[in-house]
Participant: 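One structure, pasted below without further comment.
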2 protein chains.
Amino acid sequence: MKKVDCKISDAEWIVMKVLWEEAPLTAAKIIEAVSSNKTWSPKTIHSLINRLVKKGALGVNKEMPHYEFYPLVDKKDCIQEETRTFIQKVYDGSIHLMLANFIKDEKISEKEIEELQRLLDEKVNE
Amino acid sequence: MKKVDCKISDAEWIVMKVLWEEAPLTAAKIIEAVSSNKTWSPKTIHSLINRLVKKGALGVNKEMPHYEFYPLVDKKDCIQEETRTFIQKVYDGSIHLMLANFIKDEKISEKEIEELQRLLDEKVNE
DNA sequence: ATTCACAGACTACACTTGTAGGATTACATT
DNA sequence: AATGTAATCCTACAAGTGTAGTCTGTGAAT
């Protein structure tokens, strides 16, 4: 998997998430999967797929009766890059500020809090 | 403070953050503050300010020798909106997934972990 | 009073993004 | 083999963004 060097737009993320879930897939399959969340025209989804190929985020296998697409960039990398950008923009790059703000402000259930505490404990004992 | 109804772009966020920090400010002051982080032309910063005024994110006091600008939208609201969008895009809207992923993957110092644990504890005892 | 430099108004321009449409090709069915 | 339907390829187009530039007026300095 290549490092992410490209920006993936909001709409494109939806397509990428389908292929990170399962790949390779034909355009038809992708359209089917995306359509459960979005009411886009198949044409629109084709456009997004092609842009992602052009960007280097997707690869194509043309040796098939119908092209098959698969991710060329790693999901974890993309998430981290996206997160980094977001935290930079909103929290001046401070992860800590972000998490603190988050824990303070958001509605998190008791159970989730316990779960997070467990995760933190694990982290400590690594 | 109005509710945020407008999208604030990455570049615009930098201007907004200056004015959330201190307001009202003249364009010259804003340019000065922004220039410590960014090497934008003053013209560029003027453009951003004007777009923000047009979007309704900034207000202007024209009764001054030089216009003074101030935020019309609340920082907390903007952060929350931005965060919501981000989590939707990357984590399918699951705050929990996001925090969990974060705690697992990111390099967080021991001290930060303790700090977060403290925050969670506080949250429990609310 | 003249000039200079900056403030403010308006304009520019290429690139990305959301959202498709049209033309062409190729497989599948009659 | 012909035809229809779906898959590819290419094109479109307005709005938003990053990144400025021009023109015009006015206050400050000479």
Side-chain angles (χ1 to χ4, degrees), chain A residues 4-19 24-35 37-70 78 81-82 85-86 88-90, chain B residues 4-19 24-35 37-70 78 81-82 85-86 88-90:
Chain A
V4 210
D5 51 334
C6 51
K7 294 290 289 172
I8 294 174
S9 81
D10 293 12
E12 289 160 1
W13 260 85
I14 293 178
V15 172
M16 289 306 293
K17 282 196 287 194
V18 166
L19 284 158
L25 289 178
T26 63
K29 287 288 184 186
I30 297 173
I31 288 168
E32 193 189 323
V34 167
S35 296
N37 304 36
K38 284 288 183 176
T39 60
W40 287 332
S41 147
K43 294 297 195 177
T44 299
I45 302 175
H46 268 293
S47 293
L48 294 173
I49 294 174
N50 285 328
R51 278 185 192 167
L52 285 166
V53 171
K54 203 167 297 169
K55 284 185 180 184
L58 292 182
V60 197
N61 180 356
K62 299 196 171 183
E63 310 305 307
M64 308 297 288
H66 293 313
Y67 293 4
E68 285 188 341
F69 302 89
Y70 50 90
C78 286
E81 178 55 21
E82 201 69 47
T85 308
F86 163 71
Q88 183 56 52
K89 168 157 110 181
V90 174
Chain B
V4 210
D5 50 333
C6 53
K7 294 291 286 172
I8 294 174
S9 82
D10 293 12
E12 289 160 2
W13 260 85
I14 293 179
V15 172
M16 289 306 293
K17 281 195 289 193
V18 165
L19 284 158
L25 289 178
T26 62
K29 287 290 186 186
I30 297 173
I31 289 168
E32 192 188 324
V34 167
S35 295
N37 304 35
K38 284 288 181 178
T39 60
W40 288 332
S41 146
K43 293 301 192 178
T44 299
I45 301 174
H46 267 292
S47 293
L48 293 173
I49 294 173
N50 285 328
R51 279 186 192 165
L52 285 165
V53 170
K54 203 168 297 169
K55 283 185 181 184
L58 292 182
V60 198
N61 180 356
K62 300 196 171 184
E63 311 304 309
M64 308 296 288
H66 292 313
Y67 293 4
E68 285 188 341
F69 302 89
Y70 51 90
C78 286
E81 177 56 20
E82 201 69 47
T85 307
F86 163 70
Q88 183 57 51
K89 168 157 108 181
V90 174

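Letters A, B, ... are given to chains in the order of the sequence lines, protein chains preceding strands, and every chain is numbered from 1.
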Participant: Quick one: pull up CG in Leu25(A) and OH in Tyr70(A) and give me the separation to the nearest 0.5 Å.
Facilitator: 13.0 Å
Participant: For the pair Ile45(B) and Ser35(B), evaluate side chain to side chain contact (heavy atoms under 4.5 Å, CB included) and give the outcome as yes or no after the intermediate values.
Facilitator: CA-CA 9 Å; Ile45(B) 301 174; Ser35(B) 295; 4.2 Å; yes
Participant: Determine whether Asn61(B) and Pro24(B) make a side-chain contact, defined as any pair of heavy atoms from C-beta on separated by less than 4.5 Å.
Facilitator: no
Participant: Between Ile49(B) (CD1) and dA9(C) (P), how many Å, whole number?
Facilitator: 11 Å
Participant: Let me confirm one number: the CD1-CD1 distance from Ile31(A) to Ile49(A), rounded to the nearest 0.5 Å.
Facilitator: 5.5 Å
Participant: About how many Å separate CG of Leu48(A) and CD1 of Ile30(A), when rounded to the nearest 0.5 Å?
Facilitator: 10.5 Å
Participant: For the backbone of Glu81(A) and the side chain of Thr85(A), can you confirm whether one donor and one acceptor N or O come within less than 3.5 Å of each other?
Facilitator: yes
Participant: Which of residues 61-68 of chain B have a heavy atom under 4.0 Å from DNA chain C?
Facilitator: Lys62(B), His66(B), Tyr67(B)
Participant: Could you give the distance from CZ (Phe69(A)) to CG (Asn50(A)), rounded to the nearest 0.5 Å?
Facilitator: 6.0 Å
Participant: Would you tabulate the side-chain donor-acceptor contacts of residues 10-18 of chain B under 3.5 Å, counting partners in other chains and residues two or more places apart, or write 'none'?
Facilitator:
from: Asp10(B); atom 1: OD1; to: Lys89(A); atom 2: NZ; distance (Å): 2.7
from: Glu12(B); atom 1: OE1; to: Ser9(B); atom 2: N; distance (Å): 2.8
from: Glu12(B); atom 1: OE1; to: Lys55(B); atom 2: NZ; distance (Å): 2.7
from: Glu12(B); atom 1: OE2; to: Lys55(B); atom 2: NZ; distance (Å): 3.2
from: Trp13(B); atom 1: NE1; to: Glu82(B); atom 2: OE1; distance (Å): 3.1
from: Lys17(B); atom 1: NZ; to: Lys89(A); atom 2: O; distance (Å): 2.6
from: Lys17(B); atom 1: NZ; to: Asp92(A); atom 2: OD1; distance (Å): 2.7

Participant: Please encode protein proximity along nucleotides 18-23 of chain C as a string of B, S and -, counting only heavy-atom distances under 4.0 Å.
Facilitator: BBBBBB
Participant: Hey, is the main chain of Lys43(A) close enough, under 3.5 Å, to the side chain of Ser47(A) for a donor-acceptor pair?
Facilitator: yes
Participant: Just to be sure I understand the geometry, which residues of residues 24-33 of chain A put a non-hydrogen atom under 4.0 Å away from DNA chain C?
Facilitator: none
Participant: Taking only residues two or more places apart in sequence, or in another chain, which ones meet Thr26(B) in a side-chain contact (heavy atoms from CB on, under 4.5 Å)?
Facilitator: Ala28(B), Lys29(B), His66(B), Glu68(B)
Participant: With a 3.5 Å distance limit and no angle check, can you tell me whether Thr44(B) reaches the backbone of Trp40(B) through a side-chain donor-acceptor pair?
Facilitator: no
Participant: Could you list where the contact with chain B starts and ends along DNA chain D, reading 5' to 3', using a 4.0 Å heavy-atom cut-off?
Facilitator: dT17(D) to dT22(D)
